[in-house]
Amino acid sequence: DYQKWDLAINRANNRLIYAVSWFLDIVSPDWEALVSEDYNFVMPLPVKKKWGVKYLVQPVLTQQLGIFYSEKIDEKIVDDFIQKIPYLSYEIHLNEKNSTKKIATERLNLLLDLTISYEHIFNNYSKNTKRNLIQSNDFQLSVGEKPTIENFMKFYENTATAYKKNDSNIVRKLLKECDNRGLISIFMAKNENKSPIAAVCILHSFNRLVNILPISNKEGKEKSAMFLLLDLVIKQNAGSNKFLDFEGSMIEGIARFYRGFGAKKVHYGMIKRFRPKFLIGKI
């Protein structure tokens, strides 16, 4: 029941946009779910099929799923849901509020509290972050908001090497839907020739601003353009009731970059079972 499902996510204590039905329909079209009788506990199951075998794998652009709840949750409830996953093979992420001893790998997220003033946040920037902002400003880059989805996607597709064509199609469809719903902000940095060198896509997820798609080309990295873009996002949203969700990174260099803005560590778990090579991959 889509209406009951979305109501359950909207009222959940740990609600995240990754779990709303229209988001799941795009990133995991064949998704299924485990649902308690009263919809107080729900768990999306991102199903994929290969050679007739159904299994679960974390969808692209979807950092966390797991169990969402409007009542008190404990480890037993989480374990019960995991136990009832009806497929032999899975490798999926829970969310920050799901505690269980069944976690195979603890993953890192980084959150920045935006409820305080920009001046206070800036004072907590690392010396390296402040230095890079000064250096980046010396290049006199033009930094602003509202490039079109197509302009962003053209830069993304010409720059990103990690995504497959099918992933790119999902990204395009998701960004267009988010844009139609007024849930996305795109910031872009351009050089003196008006060519894009860095961009960041911010997804509005309830009380979070999610750093869902940051991308820089070689020049953007050399000129520290991403420092300027994220500083602008912070400046525009400081003093709000939100958090900037950097979506963390298991790569220390990237995690250190985000920590330089004062972001704090938050952990979530990955669970996995029976992952033979022929099933490994992303939706």
Side-chain angles (χ1 to χ4, degrees), residues 16-31 46 48 57-65 93 109 136 139 141-206 208-234 236-237 242 244-249 251 254 257-258 281-283:
L16 294 169
I17 198 168
Y18 312 118
V20 297
S21 62
W22 61 264
F23 194 103
L24 288 166
D25 283 345
I26 294 172
V27 299
S28 182
D30 297 319
W31 69 282
K48 190 175 182 180
V57 65
Q58 196 70 16
V60 65
L61 297 184
T62 308
Q63 187 196 56
Q64 302 176 44
L65 288 175
H93 300 168
N109 195 19
S136 191
F139 292 111
L141 304 176
S142 60
V143 178
E145 191 179 358
K146 297 222 171 201
T148 65
I149 297 293
E150 284 306 314
N151 285 342
F152 175 84
M153 286 303 301
K154 183 178 179 180
F155 177 63
Y156 164 80
E157 288 170 346
N158 289 336
T159 306
T161 58
Y163 287 104
K164 297 171 288 188
K165 180 63 176 176
N166 184 52
D167 292 333
S168 186
N169 292 336
I170 293 173
V171 171
R172 185 184 297 274
K173 186 175 181 181
L174 181 64
L175 295 194
K176 285 183 177 180
E177 182 62 27
C178 290
D179 189 46
N180 289 339
R181 293 173 179 269
L183 295 175
I184 213 162
S185 301
I186 300 175
F187 299 81
M188 185 171 280
K190 298 181 179 181
N191 61 18
E192 61 275 11
N193 299 319
K194 305 302 179 184
S195 298
I197 62 173
V200 62
C201 187
I202 301 295
L203 176 64
H204 300 254
S205 172
F206 302 108
R208 296 189 182 201
L209 301 174
V210 182
N211 176 40
I212 196 167
L213 266 181
I215 187 153
S216 299
N217 62 18
K218 183 179 178 182
E219 183 181 357
K221 293 174 182 176
E222 291 172 348
K223 295 181 177 179
S224 302
M226 192 58 66
F227 285 91
L228 286 179
L229 291 176
L230 291 176
D231 180 65
L232 179 60
V233 173
I234 292 167
Q236 288 190 359
N237 292 280
K242 299 182 182 298
L244 178 54
D245 183 340
F246 286 102
E247 282 209 332
S249 179
I251 301 171
I254 298 175
F257 168 65
Y258 293 145
K282 287 184 178 294
I283 287 177

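- The distance from atom CZ of Phe246 to atom CD of Gln63, rounded to the nearest 0.5 Å, is 12.5 Å.
- Of the possible polar contacts, one joining the Lys242 side chain to the Phe206 backbone as a donor-acceptor pair under 3.5 Å is found.
- The closest side-chain heavy-atom distance from Ile184 to Cys201 is below 4.5 Å.
- Distance check, rounded to the nearest 0.5 Å: CD1 of Ile26 to OG of Ser28 gives 11.5 Å.
- Across Asp179, Val27, Leu213, a single residue satisfies side-chain contact (heavy atoms from CB on, under 4.5 Å) together with Leu174, and that is Val27.
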Take Leu228 and Phe139, measure what side-chain contact (heavy atoms from CB on, under 4.5 Å) needs, and give me the verdict at the end. CA-CA 11 Å; Leu228 286 179; Phe139 292 111; over 6 Å; no
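- Contact detail for Ser216 and Ala198: the closest heavy-atom pair is OG-CB, 3.5 Å.
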Apply the test side-chain contact (heavy atoms from CB on, under 4.5 Å) to residues Tyr156 and Ser168: give CA-CA distance (whole Å), side-chain angles for both, the deciding distance (0.1 Å), then the verdict. CA-CA 9 Å; Tyr156 164 80; Ser168 186; 4.0 Å; yes
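- Taken from CG in Asn180 to CG in Leu175, the straight-line distance is 11.0 Å, to the nearest 0.5 Å.
- Atom CE of residue Met188 and atom CD1 of residue Ile215 lie 9.5 Å apart, to the nearest 0.5 angstrom.
- Partners of Phe23 by ring-ring contact (aromatic ring centres under 6.0 Å, His included), not counting sequence neighbours, listed by chain and number: Tyr18.
- Side chain of Ser205 to backbone of Arg208: no donor-acceptor contact under 3.5 angstrom is found.
- With Asn237 contributing its side chain and Val233 its backbone, the two residues share a donor-acceptor pair below 3.5 Å.
- Looking only at side-chain heavy atoms (C-beta outward), His204 and Leu209 come within less than 4.5 Å of each other.
- Ionic pairing of Glu177 and Arg181 is present here: one or more N-O contacts between side-chain nitrogen and carboxylate oxygen are shorter than 4.0 angstrom.
- Checked by atom type and distance alone, the side chain of Ser195 never pairs as donor or acceptor with a backbone atom of Asn191 at under 3.5 Å.
- Ile254 places a side-chain heavy atom less than 4.5 Å from the side chain of Tyr258.
- Counting heavy atoms from C-beta outward, Ile149 and Ile186 have side chains that approach closer than 4.5 Å.
- Residues meeting the ring-ring contact (aromatic ring centres under 6.0 Å, His included) test with Phe187, sequence neighbours left out: none.
- Side-chain atoms of Asn158 come within 3.5 Å of backbone atoms of Lys154 as a donor-acceptor pair (strictly under, hydrogens ignored).
- Between Phe152 and Val200 the shortest side-chain heavy-atom distance does not fall below 4.5 Å.
- Counting only distance, with no hydrogens or angles, the side chain of Asn109 and the backbone of Glu247 share a donor-acceptor pair below 3.5 Å.
- How far CG of Leu203 is from CG of Asp245: 9.5 Å, rounded to the nearest 0.5 Å.
- Looking only at side-chain heavy atoms (C-beta outward), Val210 and Leu16 stay at 4.5 Å or farther from each other.
- Taking 4.5 Å as the limit, every side-chain heavy atom of Pro196 sits out of range of all side-chain heavy atoms of Asn151.
- Listed by first and then second residue, the salt bridge (Lys or Arg N to Asp or Glu O under 4.0 Å) pairs that reach into residues 211-222 are Glu219-Lys223, sequence neighbours excluded.
- Closest non-hydrogen pair, Leu141 versus Ala225, comes out as CD1-CB, 3.9 Å.
- Closest approach of His93 and Gln58 over heavy atoms only: N-OE1, 2.8 Å.
- Between Cys178 and Trp22, the closest heavy-atom pair is SG-CH2, 3.8 Å.
- Here the straight-line distance linking atom CD1 of Ile170 with atom CZ of Arg172 works out to 13.0 Å at 0.5 Å rounding.
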